[in-house]
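Shown next, in C-alpha cells, is the structure this report addresses.
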Amino acid sequence: MSDESQELPVFTTAADMRAWVRKQKKSGRKVALVPTMGYLHDGHLSLVKAALERADVVVASIYVNPTQFAAHEDFDVYPRNPDDDRAMLKAAGAHAVFEPESLYVAVPGAGEGSNVVGRETQHPDSHETYVTVERLQKPLCGGSRPHFFRGVCTVVTKLFHICEPDVAVFGRKDYQQWRVISRMVRDLDFAVEVVGMPICREADGLAMSRGNS
Ligand code: PAF
C-alpha cells in the first residue's frame, strides 16, 4: 500500500512494491535497492547517493530482520525511527521506501540458534526455507553469531525477489556481509549487480554505525 499523503511513496506489501518497480522498469528505468534496518545515519545516505549514481530510481528498504537476531540479542529494543528515516531518505533523493511489516515468519524448529524460534512460530504464514552461504558465513562474525548470515541472506533474497533491483548497494563497513551477499548472488545467478561502498567515517575517524551511535 502506498501512502499518498507523503510525497515519498512508502510500500508495505510485497505486491505493491513489486508493481511499482515493474512500472519503473517498463518505462525503461534502471532500479537500485539500498537494504537497511532503519535508524539511518549519513553512512546509509551515502549508499543512497551511490545508488542514485548507478540507477534511475532508488528504493530503500527498512526492515528490522528478526531472523538475524539470536535469542539473547535485543530484537525488541533495536532502535527504530521510521518518520526520521523517511524524511532523511526523501532529502537524500530516494524514490520509494519498502517498509514491510513482516518478511519472514519461521516454523518451530526451523530457526535453530535463532530467536525466531518461539517468537513467531504459530503464524499461519510461517516459512521454513533459508538461504545459506556455507563456507563464507562461518568465520569472523559468523563465529560469534552463527544464525546471522543465514538470516541476512534469506531476507536479502526476499528483498531481491520483491524489489527486483538491477543494482543493490551495501556498505563495506559490514565487509563479511558484502562478501557473503556477493557470493550468494554469484552462486544463485541473481540478475543483480552488488556494489560495496567504502566505509563512511566520523570526523574523528570512527566508522559511522548504528552501534557506535
Ligand atoms: O546491514 C543491514 O542493515 C542488514 O543486515 C540488511 C543487509 C539490511 C539485511 O537485513
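Every number for a ligand or one of its atoms is a count from 1 in the order of the listing. Count residues from 1 along the sequence.
The six-membered or imidazole ring of Tyr78 lies near that of Phe69, with a centre-to-centre distance under 6.0 Å. The distance between the ring centers of Phe11 and Phe98 does not fall below 6.0 angstrom.
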Worked check of salt bridge (Lys or Arg N to Asp or Glu O under 4.0 Å) between Lys25 and Asp166
CA-CA 10 Å; Lys25 288 191 157 182; Asp166 300 289; 3.8 Å; yes

For the pair Tyr104 and Tyr130, evaluate ring-ring contact (aromatic ring centres under 6.0 Å, His included) and give the outcome as yes or no after the intermediate values.
CA-CA 10 Å; Tyr104 210 94; Tyr130 292 88; 5.2 Å; yes

Checking His95 against Gln24 for the side chain to side chain donor-acceptor pair (under 3.5 Å) test, could you report, in this order, the C-alpha distance in whole Å, the side-chain angles of both residues, the deciding distance, and whether it holds?
CA-CA 11 Å; His95 298 87; Gln24 303 303 317; over 6 Å; no

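Look at Glu99 and Arg86 and you find a salt bridge, because one of the NZ, NE, NH1 or NH2 atoms lies within 4.0 Å of a carboxylate O, short of that distance.
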For ligand 1, which of its N or O atoms have a protein N or O partner closer than 3.5 Å, and how long is each gap?
unit_1	atom_1	unit_2	atom_2	d
ligand 1	1 (O)	Gln177	NE2	2.9
ligand 1	5 (O)	Gln68	NE2	3.0
ligand 1	5 (O)	Gln177	OE1	2.7
ligand 1	10 (O)	Gln68	OE1	2.8

